[in-house]
Chemist: 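Below: one structure in structure tokens.
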Amino acid sequence: MGTVTLGVSIAVPEPYGSLLQERRAGFGDPAAYGIPTHVTLLPPTEVDAARLPGIRAHLAEVAAAGRAFPMRLSGTGTFRPLSPVVFVQVVEGGPDCARLQQRVRDEAGPLVRELHFPYHPHVTVAHGIPEEGMDRAYEELAAFEAEWTCGGFALYEQGADGVWRKLYEYGFGLSGVPAQGTSRDEPSVRA
């Protein structure tokens with residue numbers, strides 16, 4: 001059956017998920033349209049495809065035990081020079097994201113893995129591009145503000161074309177369902 005590359009994340013809802021994706025492309029990031037705008041809970045992880053049913057069951061359990069929480073993005077930050085990343089900061093909901101990612105990667109579950117860096121919830125808006133584009137992203141999104149209620153997360157698979165596609169959505173207090181573009185809370189945005 002082979003292996004698949006999976007990720008788990010909280011989608012940044014519309015209208016600003018698309019707005020940040022377009023801005024990322026405008027800064028010169030060629031991966032912008034292949035990566036939905038998100039807050040990572042599990043970074044890209046290669047697993048045996050036969051493990052997918054167990055992974056889905058695990059994520060459904062994590063979601064069933066979860067509760068909605070407020071998320072707020074504000075301003076920019078960077079991991080430079082350690083890592084070539086500029087991001088929009090998660091200023092509310094960060095501790096909730098941290099607890100959630102720990103449950104996703106629980107050592108008794110199917111997605112246990114070590115992280116290369118300490119967990120820091122954020123929304124990437126530029127990655128691995130020339131410094132000029134990184135600087136523009138940092139400066140031009142410095143006043144960005146957005147907030148919504150996080151009601152769940154999703155499982156994604158990276159295709160052979162490098163594009164990430166949503167496989168299942170997991171609402172807090174619910175079991176997972178196949179992804180079909182459902183909408184949760186109406187978000188508010190200030191850019």
Side-chain angles (χ1 to χ4, degrees), residues 4-25 29 31-45 52 55-56 58-74 76-77 85-105 111 119-127 137 141 144-159 161-191:
V4 292
T5 301
L6 302 177
V8 178
S9 64
I10 296 168
V12 174
E14 296 303 333
Y16 41 85
S18 292
L19 171 81
L20 290 175
Q21 192 173 45
E22 289 170 14
R23 295 302 305 272
R24 184 172 178 170
D29 193 328
Y33 290 116
I35 305 171
T37 309
H38 68 281
V39 176
T40 299
L41 298 175
L42 176 77
T45 303
L52 195 54
I55 290 168
R56 288 182 16 219
H58 167 69
L59 294 175
E61 289 176 14
V62 170
R67 301 178 81 166
F69 57 90
M71 290 282 291
R72 187 164 67 89
L73 309 178
S74 181
T76 53
V85 173
V86 172
F87 56 87
V88 172
Q89 298 185 75
V90 174
V91 296
E92 185 174 0
D96 296 289
C97 291
R99 282 188 292 277
L100 192 54
Q101 67 87 28
Q102 285 177 328
R103 289 193 294 261
V104 167
R105 294 185 311 104
L111 292 172
Y119 182 73
H120 183 273
H122 64 280
V123 177
T124 299
V125 291
H127 180 224
L141 292 173
F144 184 83
E145 296 273 339
E147 59 187 285
W148 73 94
T149 300
C150 176
F153 57 89
L155 173 66
Y156 292 81
E157 180 180 353
Q158 186 179 36
D161 58 0
V163 175
W164 287 90
R165 293 174 179 85
K166 190 184 303 182
L167 295 180
Y168 287 88
E169 292 186 272
Y170 298 89
F172 294 136
L174 306 170
S175 61
V177 295
Q180 296 185 6
T182 61
S183 174
R184 291 225 173 265
D185 240 359
E186 284 299 316
S188 64
V189 64
R190 294 179 299 277

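Quick caveat, the model's predicted, so the values are computed rather than measured. Side chains are part of it too, since the values below use all heavy atoms of this structure and drop only hydrogens, waters and symmetry mates.
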Chemist: With rounding to the nearest 0.5 angstrom, report the CZ to CH2 distance, F69 to W148.
Modeler: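 Interatomic distance, F69 CZ to W148 CH2, rounded to 0.5 Å: 9.0 Å.
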Chemist: Working note: L59 + L111, criterion side chain to side chain contact (heavy atoms under 4.5 Å, CB included); need CA distance, chi angles, decisive distance, verdict.
Modeler: CA-CA 9 Å; L59 294 175; L111 292 172; 4.1 Å; yes
Chemist: Specify the closest pair of heavy atoms between A68 and T149, including all atoms of both residues, with the distance to one decimal.
Modeler: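 Taking A68 first and T149 second, the nearest heavy atoms are CB-CG2, 3.8 Å.
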Chemist: Starting from the C-alpha separation in whole Å, work towards a yes-or-no answer on side chain to side chain contact (heavy atoms under 4.5 Å, CB included) for L100 and I10.
Modeler: CA-CA 10 Å; L100 192 54; I10 296 168; 4.3 Å; yes
Chemist: List the steps, then state whether side chain to side chain contact (heavy atoms under 4.5 Å, CB included) holds for L20 with L141.
Modeler: CA-CA 9 Å; L20 290 175; L141 292 173; 4.1 Å; yes
Chemist: Is the shortest heavy-atom distance from the side chain of L73 to the side chain of V91 under 4.5 Å?
Modeler: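 With C-beta onward as the side chain, the pair stays apart.
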Chemist: For the residue pair F144 and Y16, does the interplanar ring angle fall in the parallel (under 30°), tilted (30 to 60°) or perpendicular (over 60°) class?
Modeler: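 Perpendicular, since the angle between the ring planes exceeds 60°.
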Chemist: Write down the atom of G66, the atom of F172, and the distance for their closest heavy-atom approach.
Modeler: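 Shortest heavy-atom contact: O-CB, 3.4 Å.
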Chemist: Can you list every side chain to side chain donor-acceptor pair (under 3.5 Å) pair that touches residues 87-97, not counting sequence neighbours?
Modeler: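 Passing the test, one end in residues 87-97: D96-R99.
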Chemist: Got a second to check how far E14's CD is from L19's CG, nearest 0.5 Å?
Modeler: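 It comes to 9.0 Å.
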Chemist: So which heavy atom on A154 is nearest to which on Y170, and how close?
Modeler: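 Here A154 and Y170 meet closest at CA-CD1, 4.4 Å.
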Chemist: Just verifying a value: how many Å separate S9 OG and K166 NZ, rounded to the nearest 0.5 Å?
Modeler: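 One finds 8.5 Å between OG of S9 and NZ of K166.
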Chemist: Does the side chain of L6 come within less than 4.5 Å of L167's, by heavy atoms?
Modeler: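 Yes, close enough: below the 4.5 Å cut-off.
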Chemist: Output the distance between atom CZ (R56) and atom NE2 (H58), rounded to the nearest 0.5 Å.
Modeler: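 Rounded to the nearest 0.5 Å, the CZ-NE2 separation comes to 14.0 Å.
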Chemist: Which heavy atom in G93 sits nearest to a heavy atom in M71, and how many Å separate them?
Modeler: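 It is CA-SD, 4.0 Å.
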Chemist: Restricting to non-hydrogen atoms, name the atom on P44 and the atom on W164 that form the minimum distance, rounded to 0.1 Å.
Modeler: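 Nearest heavy atoms, P44 then W164: CG-CZ2, 3.7 Å.
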Chemist: Y33 vs E22, test: side chain to side chain contact (heavy atoms under 4.5 Å, CB included). Steps then yes/no.
Modeler: CA-CA 8 Å; Y33 290 116; E22 289 170 14; 3.8 Å; yes
Chemist: Should F87 and H120 be marked as a ring-ring contact (aromatic ring centres under 6.0 Å, His included) after you check the CA-CA gap, both sets of side-chain angles, and the distance that decides it?
Modeler: CA-CA 11 Å; F87 56 87; H120 183 273; 5.3 Å; yes
Chemist: Roughly how far, to the nearest 0.5 Å, is OH of Y156 from CG of L42?
Modeler: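 If I round to the nearest 0.5 Å, the distance is 13.0 Å.
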Chemist: Do you know the tightest heavy-atom contact between A32 and R24?
Modeler: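 Shortest heavy-atom contact: CB-CG, 3.7 Å.
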Chemist: Output the distance between atom CD (E157) and atom CG (L52), rounded to the nearest 0.5 Å.
Modeler: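 With rounding to 0.5 Å, CD (E157) is 7.5 Å from CG (L52).
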